[in-house]
Q: 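To start, I am sharing the structure in question, which I have written as structure tokens.
Every number for a ligand or one of its atoms is a count from 1 in the order of the listing.
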Amino acid sequence: MTITFVGHGYVGLVTAAVFADFGNKVYVIGHTKEKVDNLKKGIIPIFEPGLEELVKKNIKAKRLEFTMDYAPAIPESDVVFIAVGTPPIKTGDADLSAVLGVAEQIGRNLSGYTVVATKSTVPIGTNKKVQLILEETKPEGAEVSYASIPEFLREGSAISDTVNPDRVVIGSEDPRAQKILIKLHEPIKAPVLITNFETAELIKYAANSFLALKISYANSIARLSELLGANALKVLEGIGMDRRIGNQFLYPGAGYGGSCFPKDVKALISIAKDHNYSFSLLEEVENVNHQARRDIVIKARGMLGDLRGKKIGVLGLAFKPNTDDMRDAPSIDVITWLKNDGSKITAFDPVAMGNATALMPGINFVTDMYKVAEDADLLIVLTEWNEFKELDLKRIKKLMRNLNIIDGRNIYEPKTLRDLGFNYVGVGR
Ligand code: UGA
């Protein structure tokens, strides 16, 4: 089949590369010349393990083509995916201008019969609007079916999540579109759930919000464990063994971040409010998440007292490992609060420092992870990168002024650290 993706963020670029690898001819439309020119050369704008190789391989095989033009990509395509961003506006609602603008451009370029599907996470009801725009803008003679196909991939494991998802959700009640979309997804061995637009849209928000809820639950259990002298990791392991609960997304830490959970929880609260339903459960999920970030600063004060003039080294800035994404990373809040308390911050991240620089003025970024420990009064781990797990702690010990460690992601064994002479605090243990 011939497919077009409009948008080359995580979702657009990864899914395009995977569908090209399945043997389809895939166009990717972007709107920034520099990015599109780079993509043509196989230079990708994001850090995602395995993606650059996959993109290069499929460009070489002439299955993957990047362009800024809607023609000939749209008229040639059997299926067109909208995969542009929906960043939150101040109210928590999603900004739909990119999705709606792109729909208009696609509409004008349609030819023959085309299935247009949205991958972007959009509030319930948006897809009906998009369908209307397509119907209004399409040239005479062109036919269009519309579907909502939410994406469930995670940054850092985006390729395998796309090739081996837990399910494919196809939101379309049109049998002709269903048939084409089922065929397109055939190489993916996962159950297919067919439903209407609204249900597909809500599945995405409900899934992300439920995962955020699990994390906030884990963070609440962690806080309670600290107060009770229990080990939260064992408590959560113990409850996760119950298959009805499951052991995933129950790791406590400095809180969830990224471009999805914070945004989607906020959006679902706002969507509910628009329909006079107060989703107070999710408001509490947000509060707990905020507190999980705050607790890192409270622990720092507990260890050092007054933070003024204290030297704090931060290991990890990205919202999670294997990504350079800094969107709503817990590190932004934590570092801002520590700085407001008067401490001096030195920070290191294996790949996110480029993106972090603009967000964190006044921070000393270093390119060697051991440099964060030099003369430090406290070391804080905020992202669980593998290289931090392998840190030479004896070397760290020699470098630090005071041996305090806050392990915001529980990557170290408390006993090992304490035996080495560190004053160690994790999350929930
Ligand atoms: C999330 C969902 O997991 C994907 O299914 C979804 O497709 C995606 O959002 C999206 O809507 O596009 P992502 O944000 O890439 O994916 O990353 P996750 O691996 O879900 O992690 C999100 C945050 O939760 C991170 O800050 C991570 O550190 C935190 N987390 C995760 C925890 O604190 N504890 C856990 O047990 C798991």
Q: For Asp419, is there an ion pair with Lys415 - N to carboxylate O distance below 4.0 angstrom?
A: yes
Q: Is a side-chain N or O of Thr67 found less than 3.5 angstrom from the main chain of Asp69, in a donor-acceptor match?
A: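 Indeed, once roles are kept as given, a pair shorter than 3.5 Å links the two residues.
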Q: With a 4.0 angstrom cut-off on heavy atoms, strictly below it, pick out the residues next to ligand 1 and order them by chain and number.
A: Glu151, Phe152, Leu153, Arg154, Glu155, Lys204, Asn208, Ile215, Phe249, Leu250, Tyr251, Tyr256, Gly257, Cys260, Phe261, Asp264, Phe319, Lys320, Arg409
Q: Can you see whether Tyr10 engages Arg154 through a side-chain donor-acceptor pair at a distance of less than 3.5 angstrom?
A: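 No donor-acceptor contact under 3.5 Å links the two side chains.
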Q: Can a salt bridge be assigned to the pair Lys40 and Glu65 using a cut-off of 4.0 Å between side-chain N and carboxylate O?
A: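 Looking at Glu65 together with Lys40, the answer is no, because their closest N to O distance does not fall below 4.0 Å.
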Q: Sequence neighbours excluded and cut-off under 3.5 Å, please list the side-chain donor-acceptor pairs for residues 326-334, or say none.
A:
unit_1: Arg327; atom_1: NE; unit_2: Asp325; atom_2: OD1; d: 3.1
unit_1: Arg327; atom_1: NE; unit_2: Asp325; atom_2: OD2; d: 3.2
unit_1: Arg327; atom_1: NH2; unit_2: Asp325; atom_2: OD2; d: 2.9
unit_1: Asp328; atom_1: OD1; unit_2: Arg293; atom_2: NH1; d: 3.1
unit_1: Asp328; atom_1: OD1; unit_2: Arg293; atom_2: NH2; d: 3.2
unit_1: Ser331; atom_1: OG; unit_2: Leu317; atom_2: O; d: 2.7
unit_1: Asp333; atom_1: OD2; unit_2: Arg293; atom_2: NH1; d: 2.9

Q: Within the 3.5 Å criterion, strictly below it, is a donor on Asp161 or Ser157 matched to an acceptor on the partner's side chain?
A: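 Looking only at side-chain atoms, Ser157 and Asp161 do form a donor-acceptor pair, the distance falling under 3.5 Å.
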